[in-house]
Structure formats: C-alpha cells, structure tokens
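To keep things clear, I will list the structure first and then write my remarks on it.
Hydrogens, waters and symmetry mates play no part in the numbers below; they use all other heavy atoms, side chains included.
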Amino acid sequence: MRKTHPVNALKKLGIGLAFGAATIMSMPTSALACTQMYMGKNLTADGNTYYGRTEDIGTRYLKHYGIEPSHGPGHTYSSNESEFSYTSTKTTYRYSYVRDHPAEWDGRWDAYSEAGINEKGVSCSATLSTSYNDDAKAADPTTRHAHKANPEVKNTGIGEYSYAGVILGESATAREGVELIGTLIDEQGVYSNDQLIIADNTETWLFAALSGHQWIAMKLTDDVASVNPNISNLNFQVNLDDAENCLHSEGIRTMPEEKGFAKYFEDGQFDVAQTYGASINNTGMGSWARYIQGRDYFMAPLTEGTDYEIVKDKDKNDATLGAMVHEMQPLFFQPGKSDWNTFELIRAFGNRGENVPGLNANTDGVSSIGSDRNAEANLFQIRKGYDPEIATIQWEMLSCAEFSVAIPLYSALMTEVSPYFSDQTVDYGHCSETDIVNNEEPENSINYVLMDINSLCFANRAQFATSVRSYLDALQNELIEQNKEVDAAMLAETTTEGRTALANKAGKAATENTYVKCKALLQEMRAYLKAENFDEPFTPSDLNTETNGLKESITYAKDALATDPVTPDQPGTPEQPGTPEQPGTPEQPAKPEQPTTKPEKPGKSDTTTTVTTNKTNTKGGLPTTGDRFDGRMVAAFAIAGVAVISAGGYFLYRRNKE
C-alpha cells in the first residue's frame, strides 16, 4: 500500500495548494458516493434500454478495462475484503471488466470487476453502496458487522470485490446471475449493503442486498426511469409472490415480522425499503442533493420549499451542506420526455446540478453526480431481442465523467483490448504525480490522459471547463454517429468469428481515435498553462467554434470497417498538436510486485485456478462509509487535499457506517 501524508502531498501537488485548500473547505459531508441510473426502452429515442453508474472513490484513482479469459472447472473466486470463496463446477465464461490496479489490493489482479459483459451477453454494473437501519442490523447484521462484534464469527460474505466477477464468470442469463448471488448470500451472507444491476438481451434486474442474509431482485419495466445516489430507502411497491418479476430471500418478510420491525404501506402491503433501509434523516444530504440534480436533469424536478430544503451551515458562512427532502422519494419515476438519446444519457453522469439553484456544484460547493471523485462511469445500451452477443454496447469512461469521453465497446465479443488502454502492469505512480503540467503520464494510456484532463479542468475551471467540454462533446457525438455505421456492419455479420474480429478491430479503432484526440488536447492544455498568458481564453485548435464540432473528424468507422487484415495496432505518442501521430513502441512499465499467492494474471487461461489469498482488508485507519473507500484511499485523498471535514468533525469515508 502506498502511504502519503496529506500535508506533504498537498505541498508537492503541481496544481497547487490553493486548489487543495479550496477543495477541503468546500467538500460536503457525503462527497463519496456513486450514482446508479436506469432508463427503460419506452423512454428512449432508439427504443433501447440504458443503465449504468459512476464509481466515486477519490481523485486520480486508476481504473483498467480488460478481458478475463475462460477458466476450466475448479476456478475459485475469492475476496480481499472478506473470507468469501466460491469454486466453479463448470468452465467459466469470458468477460470484460473494469478493475482497480493491483497496487490498491496487496498486488491482487482480480480486484472488483465492477462493469462488464460476458460472452453470453450478460452485463453487470456493480455496485451502488447503500445501508440498513439499526433494527435490520441488530436482527441480521452483514458478515462484516457480525465479525466485528464477535471475531469468532467468520466474515464470509460476498461483497463488491466479487459480485461482478462471479456473475459474469458463471451466468448464461441475467436471471441466473440473480439466482446465483442470492444463493451465495443465503449460504455465506453478504459483506455489505449494495445494489447492482444485471441484464441480458431480454431482462434487466435490480438486485439489492438488504441485510446479512436478506435480499431482493426486481425485473425492471420498460416505462420507468431511476436515479439512485446511494439511498437505501427510496420507495417502491413490489409483489413478493410474483416469481416471474421478483426474486428474494426466503425470510425477507417473515424475519422482520418475527423481530417486530416490519413496515407496511397504507394498503397493508409489505414495504421492503422502509423495513430495511435507513430513515430520511439518516440519508446523507449530499445524496439527496444528487437525487434532486438527477431528477432535474431528467425533467422530473422536485420543488424547493415544497419537496425539499437546502441545508446551510450557519457556522461556515452559510456554506451549502446539501439538501433534505420532506418525505421519502420514489426509486422509479416518469421523466419529462420519452426520447432520451445516447449522448444525453452519457452526459447525465457528468451532471453537476448546473440548472438547480442552490445545488450547483460549480457555485455552491455541493456534492454532485459529476464529481471529481468519479473513477469511472459505465453505460450499457441494450437492444432487447437482439442476438445476445451483439445486443449490448458498453460505453466506458475511465475517469471523471464531467471531462471524459465514453468509448463504445462490443464487450461480449472482444478477446483483445487496445494497447491504448493501459493494463494492470502500468506504473501506478502517476496517480500521485506532483506536477501533471510538466510531467506526462506513461505512454499510450488513455486512462491517465483522461485523468490528467480532468485534474487540470477541475483545478482551472475558469480557463478550461467550457471549451474543453465543448470539444469532448464534439468528439463524443462523432463516436456515437460513427458507431451507428459500425453497428450496421456488426448486425450484418452472421458468424461469431466474424463478429469477434470486427468487435476487436472496432474497439481498437474507437480507443485509438479517442486517445489521439484527447492526448493532443491535453498537450495543448499543458502548453497553455506553461505560457501563463490567460488573457486569451483557451480554445482547442481542433474545435470549430462556429459549429461546436471537430475541425478534423475521427476515422473510427473507416478504421473499424477497413478491409485490410486485422492486426494489432501499434501505439505511439502523438506529436505536438497539429502534427500527425508517429507510430512507435510503447515503453513497458515496471510490473507491480506480486504476492506469493495471487489470482492468475488476466490473459492466461487455465484448467484449475484456486485463489487462496482470503483475508480481511485491514489496511488504513480511516472510518468507512459511502462508496468504495477505505484506508486504501489515504493517498488519493491526500492528492485531492481532503482528509477530514471540519464542519462537525465529520470524516470523509467510504461505506457502511460504523
């Protein structure tokens, strides 16, 4: 584990102590949180279903897109956060993943697969961290809480470290994934309260771990939208006896009834959310602020004064802490229109409440969906009824959503990943780089390029935000439009072999085109800051300010559909902006030190793979709640200039309140 003292990190940070100090003072008490979204196909312009989430964990946190190969029977899934273990009895499925760097997890390569699609077309986005109330905790604690209360109780529960890997590696349908996770919770318990979405070409399921051994999964309908920023008690009604549309643990209703804390709607129906979830007052004000921002973005706004109040800190010059609703809000709602398009749904993850008076993150310092703590954002576009292997497109952003680009990937088919996605062997040190203006990221790493663009934009919002966002929007729109041409070719291809070849080639072409444009943009941003002449506004040289389009279009579709033989692209470092890229050989970064016992490195198949590193993650000393944050993130918070919230003495923390 890398340990960095917060003050020392701020002193060294090239983007400035002023930025770090301002960040500390403006940080809301619930800043660390993910946001999960769903939009049914009846509400979209193309008739497709969309879902996904942002992961919030900390500024400058590295994520990796890759492919986990198939393994033979005997492959074991385990965790570095608990003693969870599950051994497969069959050949596992190949799947795509978005994972952490091994440096964050004791050198393990299998950490937190998070978002991907397997070869059967099953997709998963995990997880949205939630919580439970004191009654549920007392009656049926998570295995982590049970183990903490009594060390003799084993902490065997499955958690976010393992959800996606198990689901995608083992499930041929979304329903199979739901049933498998439910069975594992029945047998081993759950490590933490979470929600996740599992889908295939026919069904989309929302799964919620309610308490230590109680869970529910609901098949989502085509006519609703949902925004959930880590709120455990958004209300919904569901028929627990409808096994076609709702699966759940056996004791979901009887256990709380026997323990005396069951809650009911006025019509007498059992209320799952209120029985297990935290109360309104125990839900973070930052989470409610993001819920309000999301509802406003989707044109179903709440009204200040009637539905909610903005909460100020009187001891901190009326700094905005967030919002508090007057009554519980719905998990599902009707948006203000029914023709949402791909671009709008991608950009929803970058929403900072710009149109919500008093809850605008740019002016009010409040928590936002498009936070500088987004480590990645994923959006799955599902064409119901299509062949499973081509039904779902994964739009992937590997950094903060506000200043990123989502790359289209046919992940169910892909067997090769563009070398412009740096893999888990890349040098992790650039995450804590002290001067990103003068010190460039490792070569051919779109992960780091997007990270640096975001860092410079957040630190220099007045200079960069408007023009950089305009440029990235232009690039995003071209990727969306050209992917329609690629998709037509994919749909016309009838063989798995031909589709796989096209998926590999298209993934490389989309990634390379995005990298070249974004790397050139980053070079121009660095040059602008080095010149120290801010009288003239920054304008990317490739941005047509009259049309807000690119001056030079990308060649994604042309490259993907070229008839020349499919060969691995040879990445190189683009020249200074305005000159063609010169191919070269990427420098090979040093491989992180590996533990003596670890999961096999992705990319190599086996017939039997057993992981024996089953131990509780005890690194770090910060308290934990929120989303995906624990002692691992001390260094990342140091970079952001955030260690504690001074107001009320609150710590910034990850998940599961102690």
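At least one donor-acceptor pair under 3.5 Å links the side chain of Asp307 to the backbone N or O of Thr303. Judged by distance alone, the side chain of Thr392 and the main-chain N or O of Pro388 form no donor-acceptor pair under 3.5 Å. With Ser171 contributing its side chain and Ile167 its backbone, the two residues share a donor-acceptor pair below 3.5 Å. The main-chain N or O of Cys34 is found under 3.5 Å from a side-chain atom of Asn230 such that the two form a donor-acceptor pair. Side-chain atoms of Gln329 come within 3.5 Å of backbone atoms of Glu327 as a donor-acceptor pair (strictly under, hydrogens ignored). For the pair Thr44 (side chain) and Lys41 (backbone), a donor-acceptor distance under 3.5 Å is present. Proximity of a side-chain donor or acceptor of Arg99 to a complementary backbone N or O of His64 within less than 3.5 Å is not detected. Asn118 places no side-chain N or O within donor-acceptor distance of the main-chain N or O of Tyr93, the cut-off being under 3.5 Å. When atom types are taken as modelled, the side chain of Asn477 and the backbone of Asp473 share a donor-acceptor pair closer than 3.5 angstrom. Arg352 contributes no side-chain N or O that, together with a main-chain N or O of Val366, makes up a donor-acceptor pair within less than 3.5 Å.
One side chain, Ser367 or Arg290, offers a donor N or O that lies under 3.5 Å from an acceptor on the other. Side-chain contact check for Tyr264 and Glu257: at least one donor-acceptor pair (N or O, by modelled atom type) lies under 3.5 Å. Looking at Tyr51 and Ser123, their side chains do bring a donor and an acceptor atom within 3.5 Å of each other. Between the side chains of Thr202 and Asp200, at least one donor N or O lies within less than 3.5 Å of an accepting N or O. No side-chain N or O of Thr130 forms a donor-acceptor pair with one of Gln195 less than 3.5 Å apart. A side-chain N or O of Glu170 and one of Tyr77 form a donor-acceptor pair less than 3.5 Å apart. Side chains of Asp364 and Thr320: a donor-acceptor N/O pair is absent below 3.5 angstrom, by distance only. Looking at Tyr161 and Asp110, their side chains do bring a donor and an acceptor atom within 3.5 Å of each other.
Here ring-ring contact (aromatic ring centres under 6.0 Å, His included) pairs that include residues 207-236, with residues two or more places apart or in two chains, are Phe207-Trp215. Within the structure, ring-ring contact (aromatic ring centres under 6.0 Å, His included) pairs that include any residue of residues 325-352 comprise Phe298-Trp340 (at least two apart or interchain). Within the structure, the salt bridge (charged side-chain N to carboxylate O under 4.0 Å, His left out) test picks out the following pairs touching residues 389-398 (sequence neighbours left out): Glu389-Arg499.
If you run side-chain hydrogen bond (donor to acceptor under 3.5 Å, both in side chains) between Lys63 and each of Asp100, Asn447, Asn374, only Asp100 comes through. Exactly one residue among Leu472, Thr514, Asn454 makes a side chain to side chain contact (heavy atoms under 4.5 Å, CB included) with Ser404. That residue is Asn454.
Of all non-hydrogen atoms in Phe403 and Ala465, the two that sit nearest each other are CE2-O, 3.6 Å. Taking both residues in full, the closest heavy atoms of Thr221 and Tyr38 are given as O-OH, 2.6 Å, listed atom of the first, atom of the second, then distance. Residues Gln394 and Ser411 share a closest heavy-atom pair of OE1-OG, 2.8 Å. Between Gly277 and Asn133, the shortest heavy-atom distance links the atoms O-ND2, 3.0 Å. For Ile292 against Ala323, the heavy-atom pair with the smallest separation is CD1-CB, 3.6 Å. Across all their heavy atoms, Leu502 and Ala489 have their closest contact at CD2-C, 3.9 Å.
Side chains of Leu359 and Ile310 form a contact here, defined as non-hydrogen atoms less than 4.5 Å apart. The shortest distance between side-chain heavy atoms of Arg175 and Trp205 falls below 4.5 Å. Counting only heavy atoms from C-beta outward, the side chains of Pro330 and Arg295 approach each other to under 4.5 Å. Side-chain contact between Phe421 and Leu398 is present, with heavy atoms from C-beta onward closer than 4.5 Å. Side-chain contact between Glu304 and Val356: absent, with no pair of heavy atoms (C-beta onward) separated by less than 4.5 Å. Gln36 has its side chain within reach of Leu206: a pair of non-hydrogen atoms, C-beta onward, lies under 4.5 Å apart.
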Query raised in the report: Do Leu331 and Asn235 pass the side-chain contact (heavy atoms from CB on, under 4.5 Å) test, and can you show the C-alpha distance, the side-chain angles, and the key distance before you say yes or no?
Result: CA-CA 6 Å; Leu331 177 59; Asn235 59 48; over 6 Å; no
Requested in this report: For Leu475 and Leu550, run side-chain contact (heavy atoms from CB on, under 4.5 Å): C-alpha distance rounded to whole Å, both residues' side-chain angles, the deciding distance at 0.1 Å, then the answer.
Outcome: CA-CA 7 Å; Leu475 176 55; Leu550 302 181; 4.3 Å; yes
Report task. Show your working on side-chain contact (heavy atoms from CB on, under 4.5 Å) between Phe261 and Met255 and close with a plain yes or no. Result -> CA-CA 9 Å; Phe261 66 94; Met255 187 275 288; 4.0 Å; yes
**Report entry** Residues Asn193, Leu210; criterion side-chain contact (heavy atoms from CB on, under 4.5 Å); working and verdict
**Finding:** CA-CA 6 Å; Asn193 303 106; Leu210 303 170; 5.7 Å; no
Atom pairs and distances, donor-acceptor, side-chain atoms in residues 376-384, under 3.5 Å, two or more places apart:
from: Glu376; atom 1: OE2; to: Asn378; atom 2: ND2; distance (Å): 2.8
from: Asn378; atom 1: OD1; to: Arg53; atom 2: N; distance (Å): 3.4
from: Asn378; atom 1: OD1; to: Ser125; atom 2: OG; distance (Å): 2.9
from: Gln381; atom 1: OE1; to: Trp395; atom 2: NE1; distance (Å): 2.9
from: Gln381; atom 1: NE2; to: Asp46; atom 2: OD2; distance (Å): 3.4
from: Gln381; atom 1: NE2; to: Asn48; atom 2: OD1; distance (Å): 2.8
from: Gln381; atom 1: NE2; to: Tyr50; atom 2: OH; distance (Å): 3.3
from: Arg383; atom 1: NE; to: Ala391; atom 2: O; distance (Å): 2.8
from: Arg383; atom 1: NH1; to: Asp487; atom 2: OD1; distance (Å): 3.3
from: Arg383; atom 1: NH1; to: Asp487; atom 2: OD2; distance (Å): 2.8
from: Arg383; atom 1: NH2; to: Ile390; atom 2: O; distance (Å): 2.8
from: Arg383; atom 1: NH2; to: Asp487; atom 2: OD1; distance (Å): 3.0
from: Lys384; atom 1: NZ; to: Asp222; atom 2: OD1; distance (Å): 2.7

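Enclosure of atom CD in Glu250 is not indicated, since only 12 or fewer non-hydrogen atoms of other residues, nucleotides or ligands lie within 6.0 angstrom. No more than 12 heavy atoms of other residues, nucleotides or ligands sit less than 6.0 Å from atom NZ of Lys120.
Here the CD1 atom belonging to Ile67 is positioned 7.5 Å from the OG1 atom belonging to Thr415, to the nearest 0.5 angstrom. Interatomic distance, Ile181 CD1 to Glu176 CD, rounded to the nearest 0.5 Å: 12.0 Å. We find the CD1-OG1 distance between Ile407 and Thr511 to be 4.5 Å, quoted to the nearest 0.5 Å.
For the salt bridge (Lys or Arg N to Asp or Glu O under 4.0 Å) test, no residue two or more places apart in sequence or in another chain qualifies with Glu493. Listed by chain and residue number, Asp194 satisfy the side-chain hydrogen bond (donor to acceptor under 3.5 Å, both in side chains) test with Tyr163 (two or more places apart in sequence, or in another chain).
Look at Lys219 and Glu244 and you find a salt bridge, because one of the NZ, NE, NH1 or NH2 atoms lies within 4.0 Å of a carboxylate O, short of that distance. Using a cut-off of 4.0 Å between Lys/Arg side-chain N and Asp/Glu carboxylate O, Arg94 and Glu68 are scored as not salt-bridged. Using a 4.0 Å cut-off between a side-chain N of Lys or Arg and a carboxylate O of Asp or Glu, Lys484 and Glu481 qualify as a salt bridge.
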